[in-house]
Amino acid sequence: MEKLNLQHHEMNLFENAGSYINGMRLYFAYFKKTPSIIRLDGISSKKIKSYLEIEHKDDIKEVHQKRSKAANERKLSDINIIFCMNDNIFIDLEKDTACIIYHTTLEAKAKKKKKKIRKFVLKNVAKKTTEISLIRQSRYGISTTNIKLKKPKLNLSKNYNDDLQAMHQMVTRKLQQKDKSGIILFYGSPGTGKSTYIRFLVHQLKKKVIFMSPKIAGAIDSPDFTDFLIDNANTVFVIEDAEQLITSRDNNYNSSISMLLNITDGLLGECLGIQIIATFNTHVSNIDKALLRKGRLIGLYEFKPLNIQKSKILLEENGNSNSEIKQPMTLADIYNTEQTEFSYNTNKRASIGFASGVN
């Protein structure tokens with residue numbers, strides 16, 4: 001088997017200060033040819049690796065890989081691995097992504113490899129969601145990483161006011177529908193249980209759920225994000241603390257909110273079936289009126305402090321039967337009655353040093 005030899009020797013072969021080898025740069029370094037790339041998402045890189053090492057062991061020229069091992073782990077874990085195959089096609093594996101890197105003259109062979117690799121697609125079994133996906137920026141663009149989402153031990157009737165029950169049933173039913181877009185808005189004072197309820201709600205679904213920070217959501221109008229949305233059709237996006245994204249534009253053009261409107265009830269909405277859950281703490285009157293339009297808005301609910309009777313029952317169940325209740329309480333207050341109340345002293349201190357002479 002002919003051995004690969006580097007023809008291009010430069011440190012820009014590496015990325016991130018040498019933390020891993022870039023597959024496309026490596027290809028150029030070996031062959032001095034600009035490569036093409038086929039990217040496959042949602043596949044099992046672990047199974048592909050096993051398949052290549054067993055079924056195509058004699059076809060592998062070189063292997064370049066990055067692995068890591070935490071102090072409390074027994075074995076190394078693959079971060080990314082590049083198989084340089086005998087036909088001068090590279091297979092670059094990272095997380096749940098495979099990239100076939102090749103010269104255009106090898107297009108037919110590359111497509112055959114794609115066909116074989118696609119059979120290792122991660123199975124999308126319709127089961128209740130136990131994970132939430134976090135958006136990350138990888139060297140191949142925007143992708144997601146799944147993390148376990150702990151299900152809260154939550155009794156809705158005890159922990160929330162009675163009007164949530166009907167909303168919960170309606171929202172759960174709507175979110176289960178395929179090819180249906182729309183937005184759900186949850187608002188209320190901090191500590192009233194919005195995030196806890198969303199975690200509970202996610203576990204009732206059989207869809208992929210992606211958490212999106214307000215900062216990332218602000219770039220939702222970028223071309224890269226459009227590709228990401230297309231790759232994640234029929235998905236539920238959760239945006240917490242979304243005030244800056246959804247508040248009224250007041251005659252000022254906001255491309256992010258325009259994109260949000262299109263996703264939830266426009267041409268993109270019809271094609272992608274993306275549903276969005278957004279939380280905010282501001283008053284609903286400050287929200288852009290276009291988001292509240294019928295057909296786009298799936299549900300709107302205000303999380304309020306638990307009424308006095310329910311607060312009393314919940315306190316008693318948590319061993320605080322002697323507490324005197326005169327007003328509704330937030331869940332944060334009910335479950336943290338023994339925690340010290342921290343406050344910030346706003347009184348000015350006497351200035352010392354150089355600052356003492358400044359008015």
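Residue numbers count from 1 along this sequence. Given the structure is predicted, the values throughout are model-derived calculations rather than measurements.
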Asks: For the residue pair Phe83 and His64, establish whether any side-chain heavy-atom pair is separated by less than 4.5 Å.
Replies: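 The answer is no; the side chains never approach within 4.5 Å.
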Asks: Taking ring-ring contact (aromatic ring centres under 6.0 Å, His included) as the test, write out the residues that go with His56, two or more places apart.
Replies: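 Testing His56 for ring-ring contact (aromatic ring centres under 6.0 Å, His included), a comparison that skips the adjacent residues, returns Tyr51.
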Asks: Counting heavy atoms not belonging to Lys115, are there more than 12 under 6.0 Å from its NZ?
Replies: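 12 or below, so no.
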Asks: For Leu156, check side-chain contact (heavy atoms from CB on, under 4.5 Å) against everything at least two apart and list the hits.
Replies: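 Leu156: side-chain contact (heavy atoms from CB on, under 4.5 Å) contacts with Leu154, Tyr160, Leu164, Gln165, His168, Tyr197, Phe200.
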Asks: For Tyr301, check ring-ring contact (aromatic ring centres under 6.0 Å, His included) against everything at least two apart and list the hits.
Replies: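 Expected list: Phe303.
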Asks: Spell out, yes or no, whether Ile313 and Ile308 are grouped together once hydrophobic residues are joined by side-chain heavy atoms under 4.5 Å, including indirect joins.
Replies: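 They do not share one cluster, since no chain of ILVMFWY contacts under 4.5 Å joins Ile313 to Ile308.
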Asks: Taking salt bridge (charged side-chain N to carboxylate O under 4.0 Å, His left out) as the test, write out the residues that go with Glu53, two or more places apart.
Replies: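 For Glu53, no residue satisfies salt bridge (charged side-chain N to carboxylate O under 4.0 Å, His left out) once neighbours in sequence are set aside.
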Asks: May I ask you to test the Phe225-Ile135 pair for a side-chain heavy-atom distance under 4.5 Å?
Replies: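 Result yes, sub-4.5 Å side-chain heavy-atom pair found.
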Asks: Output all residues satisfying salt bridge (charged side-chain N to carboxylate O under 4.0 Å, His left out) with Asp231, sequence neighbours left out; order by chain, then residue number.
Replies: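 Counting only residues at least two positions away or on another chain, Asp231 forms no salt bridge (charged side-chain N to carboxylate O under 4.0 Å, His left out).
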Asks: So Lys208 and Val236, do their side chains get closer than 4.5 Å, heavy atoms only?
Replies: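 When only atoms from C-beta onward are counted, Lys208 and Val236 do not touch, as no gap falls below 4.5 Å.
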Asks: Run the salt bridge (charged side-chain N to carboxylate O under 4.0 Å, His left out) test against Lys158 and tell me which residues pass, sequence neighbours left out.
Replies: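 So Lys158 forms a salt bridge (charged side-chain N to carboxylate O under 4.0 Å, His left out) with Glu317.
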Asks: Identify, with sequence neighbours excluded, every residue that meets side-chain contact (heavy atoms from CB on, under 4.5 Å) alongside Lys46.
Replies: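 Ser44.
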Asks: Side-chain contact test, heavy atoms from C-beta onward, threshold under 4.5 Å: evaluate it for Lys148 versus Thr130 and give yes or no.
Replies: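 Yes, side chains in contact.
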Asks: Within the distance-only criterion (no hydrogens, no angle test), does the side chain of Thr279 pair as donor or acceptor with the backbone N or O of Asp241 below 3.5 angstrom?
Replies: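 Yes; at least one donor-acceptor contact below 3.5 Å.
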Asks: Kindly write out the residues that satisfy side-chain hydrogen bond (donor to acceptor under 3.5 Å, both in side chains) with Ser285, not counting sequence neighbours, or none if the list is empty.
Replies: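 Partners of Ser285 by the side-chain hydrogen bond (donor to acceptor under 3.5 Å, both in side chains) criterion, ordered by chain and then number, come out as His283.
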Asks: Would you call Asn232 and Leu272 a side-chain contact if the rule is heavy atoms closer than 4.5 Å?
Replies: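 When only atoms from C-beta onward are counted, Leu272 and Asn232 do not touch, as no gap falls below 4.5 Å.
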Asks: Which atom names give the shortest non-hydrogen contact between Asn161 and Lys304, and what distance separates them?
Replies: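 Asn161 and Lys304 have their closest heavy atoms at ND2-O, 3.7 Å.
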Asks: How far does OG1 of Thr330 sit from OH of Tyr335, to the nearest 0.5 angstrom?
Replies: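 Rounded to the nearest 0.5 Å, the OG1-OH separation comes to 11.5 Å.
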Asks: Could you go through the side chain to side chain contact (heavy atoms under 4.5 Å, CB included) check for Lys206 and Gln176 one step at a time?
Replies: CA-CA 7 Å; Lys206 295 180 181 179; Gln176 299 286 27; 4.1 Å; yes
Asks: Within a strict 4.5 Å, meaning less than it, do heavy atoms of the Phe90 and Phe31 side chains meet?
Replies: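 Phe90 reaches Phe31 side chain to side chain.
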Asks: When you measure from the side chain of Lys310 to the backbone of Ser157, do you find a donor-acceptor pair of N or O atoms at a distance under 3.5 Å?
Replies: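 A pair under 3.5 Å: yes.
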Asks: Under a 4.5 Å cut-off applied to non-hydrogen side-chain atoms, are Met329 and Leu306 in contact?
Replies: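 A side-chain contact is absent here, since even the closest heavy-atom pair is not under 4.5 Å.
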Asks: Side-chain polar contacts of residues 178-192 - donor-acceptor pairs under 3.5 angstrom, sequence neighbours left out - could you list them?
Replies:
{"unit_1": "Asp179", "atom_1": "OD1", "unit_2": "Asn234", "atom_2": "ND2", "d": "2.9"}
{"unit_1": "Ser181", "atom_1": "OG", "unit_2": "Thr264", "atom_2": "O", "d": "3.1"}
{"unit_1": "Thr192", "atom_1": "OG1", "unit_2": "Ser189", "atom_2": "O", "d": "2.6"}

Asks: So how far is it from Ser222 OG to Ile142 CD1, rounded to the nearest 0.5 Å?
Replies: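 It comes to 5.5 Å.
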Asks: Restricting to side-chain hydrogen bond (donor to acceptor under 3.5 Å, both in side chains), what partner residues turn up for Asn318, sequence neighbours left out?
Replies: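 Expected list: none.
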Asks: Going by side-chain hydrogen bond (donor to acceptor under 3.5 Å, both in side chains), name the residues that satisfy it together with Asp87, two or more places apart in sequence or in a different chain.
Replies: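 Expected list: Lys113.
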Asks: Do Lys174 and Gln275 get their side chains close enough for a donor-acceptor pair, meaning under 3.5 Å?
Replies: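 Absent: no donor and acceptor within the cut-off.
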Asks: Assess whether side chain to side chain donor-acceptor pair (under 3.5 Å) is satisfied between Glu240 and Ser195, documenting all intermediate values.
Replies: CA-CA 8 Å; Glu240 291 196 299; Ser195 296; 2.4 Å; yes
Asks: Check whether any side-chain heavy atom of Val209 sits under 4.5 Å from a side-chain heavy atom of Thr235, and report yes or no.
Replies: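 No, their side chains stay 4.5 Å or more apart.
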Asks: Can you tell me how far CD1 of Ile89 sits from CD1 of Ile38, rounded to the nearest 0.5 angstrom?
Replies: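 If I round to the nearest 0.5 Å, the distance is 8.5 Å.
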Asks: Applying side chain to side chain contact (heavy atoms under 4.5 Å, CB included) to Thr144 and Ile210, what does each step give before you reach the verdict?
Replies: CA-CA 8 Å; Thr144 60; Ile210 298 177; 4.1 Å; yes
Asks: Are Asn281 and Lys194 close enough that a side-chain donor and a side-chain acceptor fall under 3.5 Å?
Replies: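 Yes, side-chain donor-acceptor contact under 3.5 Å.
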Asks: Could you check whether any side-chain N or O of Asn286 sits under 3.5 Å from a backbone N or O of Thr282, counting only pairs where one atom can act as donor and the other as acceptor?
Replies: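 Judged by distance alone, no pair lies under 3.5 Å.
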Asks: Working to the nearest 0.5 angstrom, can you tell me the gap between Ile101 CD1 and Asn88 CG?
Replies: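 These two atoms lie 13.0 Å from each other.
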Asks: In chain order, what residues pass the salt bridge (charged side-chain N to carboxylate O under 4.0 Å, His left out) check against Asp41, with sequence neighbours excluded?
Replies: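 Partners of Asp41 under the salt bridge (charged side-chain N to carboxylate O under 4.0 Å, His left out) test: Arg39.
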